[in-house]
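Below is one structure; the comments refer to it alone.
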Amino acid sequence: MIARPDLLRRARVATRRLARNVRGAIMIEMAFAIPILVLIGFGGLEVANLTLVNTQISQIGLSVADNASRIAAGSNLALPQVREADINEVFAGIEKQGVGLDFQKNGRIILSSLQRNNDGGQTIKWQRCYGKLAVASAYGTEGTGATGKSFAGMGDKGKEVTAAGGTAVMFVEISYKYQPLVYGKWLGPKTIKSTAAFNIRETRDLTQVYSPGTKSSC
């Protein structure tokens, strides 16, 4: 007959072994689970960053269109003029607004002055660009629609933005090559695009863009 103390000792040993086995099982489970959790966690960060950058790009486009609509250089003796220097100042705010995006290298903004032509149709009177991303306007270059009424305006087909007589619409097309945090190969090349449009805030000289300033050609 086994003594009672011996039974207790064996029970304690068995309990300790069981506890060690449970800890080992948990460690094995965690070894499998942690990489998956890390991948999910970084995936969440990537999605959040993509959403944030989309918002930033949209806000930059709205800001450029709004600021361009406020340009009014001149005096009370003549209509305010749009100067190359004024347009460059509008573009200068992009990098400050998009801190961390390195927009000049990875992005492109196309600013167009949409106006009425002499035939009552729509025309892109002038167009200026900022950024090194090789993207062309989806709606036309400077001079598009100079005559006639074949040019419907700028924007989605059937929902084009148009300018009224004696005024202009500052239409912005913005493109940005997204820079992923981790999952670059998984996401693949991704270009974020957005548009914005603001009617000019007051009457201005619509005939041309004046000096001084360096022309930000497209």
Side-chain angles (χ1 to χ4, degrees), residues 49-74 80-115 122-146 151 153-156 160-163 167-180 184 189-202 204-218:
N49 185 63
L50 179 58
T51 302
L52 176 62
V53 173
N54 264 288
T55 301
Q56 283 182 284
I57 294 303
S58 177
Q59 290 299 317
I60 289 172
L62 288 169
S63 178
V64 169
D66 187 20
N67 290 336
S69 73
R70 299 173 186 271
I71 295 173
Q81 298 175 346
V82 177
R83 304 174 302 178
E84 300 291 356
D86 300 320
I87 296 173
N88 292 337
E89 284 182 4
V90 171
F91 287 155
I94 295 173
E95 291 298 338
K96 292 183 179 180
Q97 190 173 357
V99 174
L101 295 178
D102 195 6
F103 188 90
Q104 186 176 27
K105 177 183 177 181
N106 301 305
R108 180 82 158 177
I109 275 192
I110 303 172
L111 172 62
S112 302
S113 181
L114 182 64
Q115 300 173 204
Q122 299 294 305
T123 182
I124 299 176
K125 184 65 177 181
W126 54 261
Q127 193 173 78
R128 299 293 184 269
C129 295
Y130 175 86
K132 297 179 179 179
L133 187 65
V135 176
S137 171
Y139 309 108
T141 57
E142 181 175 314
T144 297
F151 181 52
M154 304 180 76
D156 294 339
E160 292 89 353
V161 174
T162 58
T167 187
V169 173
M170 297 292 99
F171 194 94
V172 168
E173 301 167 71
I174 181 168
S175 302
Y176 178 74
K177 185 178 180 183
Y178 177 65
Q179 305 300 301
K190 185 171 184 62
T191 300
I192 299 171
K193 295 188 176 184
S194 183
T195 59
F198 273 81
N199 202 75
I200 59 174
R201 301 307 177 93
E202 61 181 89
R204 64 170 58 158
D205 186 333
L206 300 175
T207 59
Q208 66 180 81
V209 179
Y210 292 86
S211 297
T214 302
K215 183 179 179 179
S216 300
S217 301
C218 296

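In this chain, residues are counted from 1 in sequence order.
- For the atom pair NZ of Lys215 and CH2 of Trp126, the computed distance is 11.0 Å after rounding to the nearest 0.5 Å.
- Two residues are said to be in side-chain contact when any heavy atoms from C-beta on lie closer than 4.5 Å; Arg83 and Ser211 fail this criterion.
- Of the possible polar contacts, none joining the Thr191 side chain to the Lys177 backbone as a donor-acceptor pair under 3.5 Å is found.
- Side chain of Ser58 to main chain of Thr55: no donor-acceptor pair is present (N/O by atom type, distance under 3.5 Å, no hydrogens or angles).
- For the atom pair Arg70 CZ and Ile200 CD1, the distance stands at 13.0 Å (nearest 0.5 Å).
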What's the verdict on side chain to side chain contact (heavy atoms under 4.5 Å, CB included) for Thr195 and Val161, showing C-alpha distance, side-chain angles and the deciding distance? CA-CA 11 Å; Thr195 59; Val161 174; over 6 Å; no
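- Across every non-hydrogen atom of Ser137 and Met154, the tightest pair is OG-CE, 4.5 Å.
- A pairwise comparison of heavy atoms in Leu50 and Tyr178 identifies N-OH, 3.5 Å as the closest pair.
- Although no hydrogens or angles enter the test, the distance criterion places no donor-acceptor pair under 3.5 Å between the side chain of Asp86 and the main chain of Val82.
- Checked by atom type and distance alone, the side chain of Tyr176 never pairs as donor or acceptor with a backbone atom of Val53 at under 3.5 Å.
- Although no hydrogens or angles enter the test, the distance criterion places no donor-acceptor pair under 3.5 Å between the side chain of Glu173 and the main chain of Phe171.
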Leu206 and Lys125: side chain to side chain contact (heavy atoms under 4.5 Å, CB included), yes or no, with the steps? CA-CA 8 Å; Leu206 300 175; Lys125 184 65 177 181; over 6 Å; no
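- A donor atom on one side chain and an acceptor atom on the other are not found under 3.5 Å apart for Asn88 and Thr214.
- The side-chain contact (heavy atoms from CB on, under 4.5 Å) test with Leu101 singles out one residue from Ile60, Ile94, Asn106, and that residue is Ile60.
- The nearest pair of heavy atoms linking Tyr130 to Gln104 is OH-CB, 3.6 Å.
- In terms of modelled atom types and a separation under 3.5 Å, the side chain of Gln122 and the main chain of Leu114 share no donor-acceptor contact.
- Gln115 CD to Met170 CE: the interatomic distance, rounded to the nearest 0.5 Å, is 6.5 Å.
- Nearest heavy atom pair, residue Thr123 against residue Gly145, reads CB-O, 3.1 Å.
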Could you go through the side chain to side chain contact (heavy atoms under 4.5 Å, CB included) check for Asn67 and Phe198 one step at a time? CA-CA 9 Å; Asn67 290 336; Phe198 273 81; over 6 Å; no
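- At least one donor-acceptor pair under 3.5 Å links the side chain of Arg204 to the backbone N or O of Ile71.
- Atom CD1 of Ile124 is separated from atom CG of Leu111 by 11.0 Å, given to the nearest 0.5 angstrom.
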Trace of the side chain to side chain contact (heavy atoms under 4.5 Å, CB included) decision for Arg108 with Cys218: CA-CA 10 Å; Arg108 180 82 158 177; Cys218 296; 4.2 Å; yes
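- Residues Thr141 and Gln127 approach most closely at CA-OE1, 3.5 Å, considering heavy atoms.
- Interatomic distance, CG of Asn54 versus OG of Ser194, reported as 8.5 Å (0.5 Å rounding).
- Using a 4.5 Å heavy-atom cutoff, the side chains of Tyr139 and Thr144 are not in contact.
- Heavy-atom minimum distance, Pro80 versus Glu202: CG-OE2, 3.9 Å.
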